[in-house]
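Lettering of chains follows the sequences in order, A, B, ..., and the numbering in each one begins at 1.
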Number of protein chains: 2
Amino acid sequence: MTTPRQNRRRERAARGIPEATVARLPVYLRALTGLQERGVATVSSEELAAAAGVNSAKLRKDLSHLGSYGTRGVGYEVEYLVYQISRELGLTQDWVVAIIGVGNLGRALAGYGGFASRGFRVAGLLDADDSIVGQEISGMTVEHIDRLEDMIARHGVSIAVIATPAGAAQGVCDRVVAAGVTSVLNFAPTVLTVPDGVDVRKVDLSIELQILAFHEQRKAGGPDGPAPLVAGDAPPGTKQYVEPVEA
Amino acid sequence: MTTPRQNRRRERAARGIPEATVARLPVYLRALTGLQERGVATVSSEELAAAAGVNSAKLRKDLSHLGSYGTRGVGYEVEYLVYQISRELGLTQDWVVAIIGVGNLGRALAGYGGFASRGFRVAGLLDADDSIVGQEISGMTVEHIDRLEDMIARHGVSIAVIATPAGAAQGVCDRVVAAGVTSVLNFAPTVLTVPDGVDVRKVDLSIELQILAFHEQRKAGGPDGPAPLVAGDAPPGTKQYVEPVEA
DNA sequence: AAGCCTTTGTGAATACGCGCACAAAGTCAC
DNA sequence: GTGACTTTGTGCGCGTATTCACAAAGGCTT
């Protein structure tokens, strides 16, 4: 038996899904699994868009990049859409992850439930600090960074999560790339330089806070407006930046 | 004494810095402070762009939104630029942060050095779990979530960091917004709904990993290409999605 | 003081993303 | 079977972001 829907499958998906769409697919997926757990079988673009916090036209256009998976007059079948998005994102296969750097953040990542739940398996934890190596964290024993290449090869690690101090990040990155890893998630506050063909995504708390601070300041009147200064409200014309004494 | 540069100060900055630019300013700032520590006094757009990992024309256009702070033929004075960007981002004043949810991630955030270093002061940690309340973490005692409104008011909290489980996030968010907070950094894997005038930024590990997985799969040949399936390489035409038995 | 050299700041062209609004397509009631 | 109703899929216009390429501007040397 073949439904019309399946015949239409993948007539789109012209090998070029916009990056902005890719970034939203995981959000849709999460909303859909939520609906699934609540036993919802069918959802309209309007409802799903509301759950995902986006415009419904945008949602429909995003989904149209994957193919025609909806039914006009009805909506989308939740379970089917979950499968299609999962498949497009590559979540129908397992991805092996190594976490490098076991400080506060590395520990938090190691214990993060969201990894396992979606086909991401943590192969191991690595650190350079001898006082940390050997510790048991979230059921895994921390290994020494010397074993990095070995671990990547043996477990088939395809995604490296870098949670080291800033100074060590580029060195670690170079090593994982040399070992064949082509996807890196970087939590260290540094710009990583990688060769073409390697993807790096960056998560940076400090940057997010600074962006919030910018907007917060705006609301309060902007940098030239009321109360931008902590101390020493200077009279107009006074320099706020003190030039260095040397030439 | 007034230099020509200072006369020219803020002739631009027409109260509308593009969002994309704002998001890059913290990156520039970090690169600049790095140069500053290494004793570099002057930097060209080419050098700074390389350090920040962006195109040099983009960097110049970004900086031009703040004003004309460079010197043609020479470049930008590092210290001066650090000051101007800090000022524009609102880092010349202190921002008070509350961390809500003291699980693995909340703990990591509490101990994150990047907070204090740039004018972000953690007012306190809050959690709903009685077995966590009272614990001392990074020099702070975890308080009960009941005291949320009290803490916001007394410490003048302006940014709330939500690191609770997904289910609790919206409730907590509603409370902090009701208490007057207009900037939220959300680590919980949920879409937060807020009234106009409130900024929410989201950090989501799981989403970042899924985006990486998408690209990684692409490199391996795409979902229709080689090896997307873990098991059961089905002959062509075989359905990969099994329809539920019920209608 | 004049001319050369470097680097900024920006106009213009291109690409990208978003959202409206509507035709096409399907369902459901009768 | 027919018509009314619902919801998808998308053409189109608009605004934003990115990049190129160059004229304007400053410094430095002679």
Side-chain angles (χ1 to χ4, degrees), chain A residues 3-14 16-25 27-28 32 40-78 80-81 84-85 211 247, chain B residues 3-25 27-28 32 40-78 80-81 84 211 247:
Chain A
T3 68
R5 191 195 294 120
Q6 273 153 358
N7 286 338
R8 244 183 290 113
R9 214 168 44 134
R10 89 175 62 154
E11 282 178 14
R12 308 272 153 178
I17 299 181
E19 192 55 37
T21 295
V22 173
R24 282 187 294 266
L25 288 180
V27 180
Y28 302 154
L32 284 164
V40 178
T42 288
V43 68
S44 73
S45 65
E46 203 71 50
E47 293 163 335
L48 182 54
V54 302
N55 180 295
S56 71
K58 180 151 66 181
L59 169 68
R60 287 197 299 275
K61 191 161 285 185
D62 283 342
L63 293 182
S64 79
H65 286 119
L66 310 188
S68 253
Y69 293 145
T71 306
R72 295 174 191 231
V74 177
Y76 300 89
E77 190 186 330
V78 173
Y80 188 64
L81 205 48
Q84 290 300 342
I85 295 180
I211 295 171
Chain B
T3 68
R5 190 195 294 121
Q6 273 154 359
N7 287 339
R8 240 182 294 112
R9 214 167 42 135
R10 87 175 62 153
E11 282 178 16
R12 307 271 153 180
R15 265 340 54 149
I17 298 180
E19 192 56 36
T21 296
V22 172
R24 282 187 295 265
L25 289 180
V27 181
Y28 303 154
L32 284 164
V40 178
T42 288
V43 69
S44 72
S45 65
E46 204 71 49
E47 293 164 333
L48 182 54
V54 302
N55 180 295
S56 70
K58 181 151 64 180
L59 170 67
R60 287 197 298 277
K61 189 156 283 188
D62 282 343
L63 293 183
S64 79
H65 286 119
L66 310 188
S68 252
Y69 294 144
T71 306
R72 293 169 192 237
V74 177
Y76 300 88
E77 191 186 329
V78 173
Y80 188 64
L81 205 47
Q84 290 300 343
I211 295 171

Please report the distance, rounded to the nearest Å, between [atom1] in [X] and [atom2] in [N].
X     : N      : atom1 : atom2 : value
B:R24 : D:dA17 : CZ    : C1'   : 8 Å
A:R60 : C:dA23 : CZ    : P     : 15 Å
A:R72 : D:dT8  : CZ    : P     : 10 Å
B:L59 : C:dT7  : CG    : C1'   : 12 Å
A:D62 : C:dC16 : CG    : P     : 16 Å
B:Y69 : C:dT10 : OH    : P     : 13 Å
A:I17 : C:dG17 : CD1   : C1'   : 16 Å
A:E47 : D:dT6  : CD    : P     : 14 Å

Below the 4.0 Å mark, does [N] have OP1 or OP2 next to a side-chain nitrogen or oxygen of [X]?
X     : N      : value
B:Y76 : C:dG9  : yes
B:S44 : C:dT7  : no
A:S45 : D:dT8  : yes
B:N55 : D:dC20 : yes

Worksheet item: Taking the side chain of B:K58 as its heavy atoms from C-beta onward, which of D:dT18, D:dT8, C:dT10 lies nearest to it?
Response: D:dT18
Worksheet item: Between D:dT18, D:dA25, C:dG26, which nucleotide gets closest to the side-chain atoms of B:A20?
Response: D:dT18
Practice prompt. Grab the two heavy atoms, one from B:T21 and one from B:H65, that are nearest each other, plus how far apart they are.
Written response: OG1-ND1, 3.8 Å
Discussion item. Please classify the nucleic acid contact of A:A57 as base, sugar-phosphate, or nothing, using heavy-atom distances under 4.0 Å.
Written reply: base
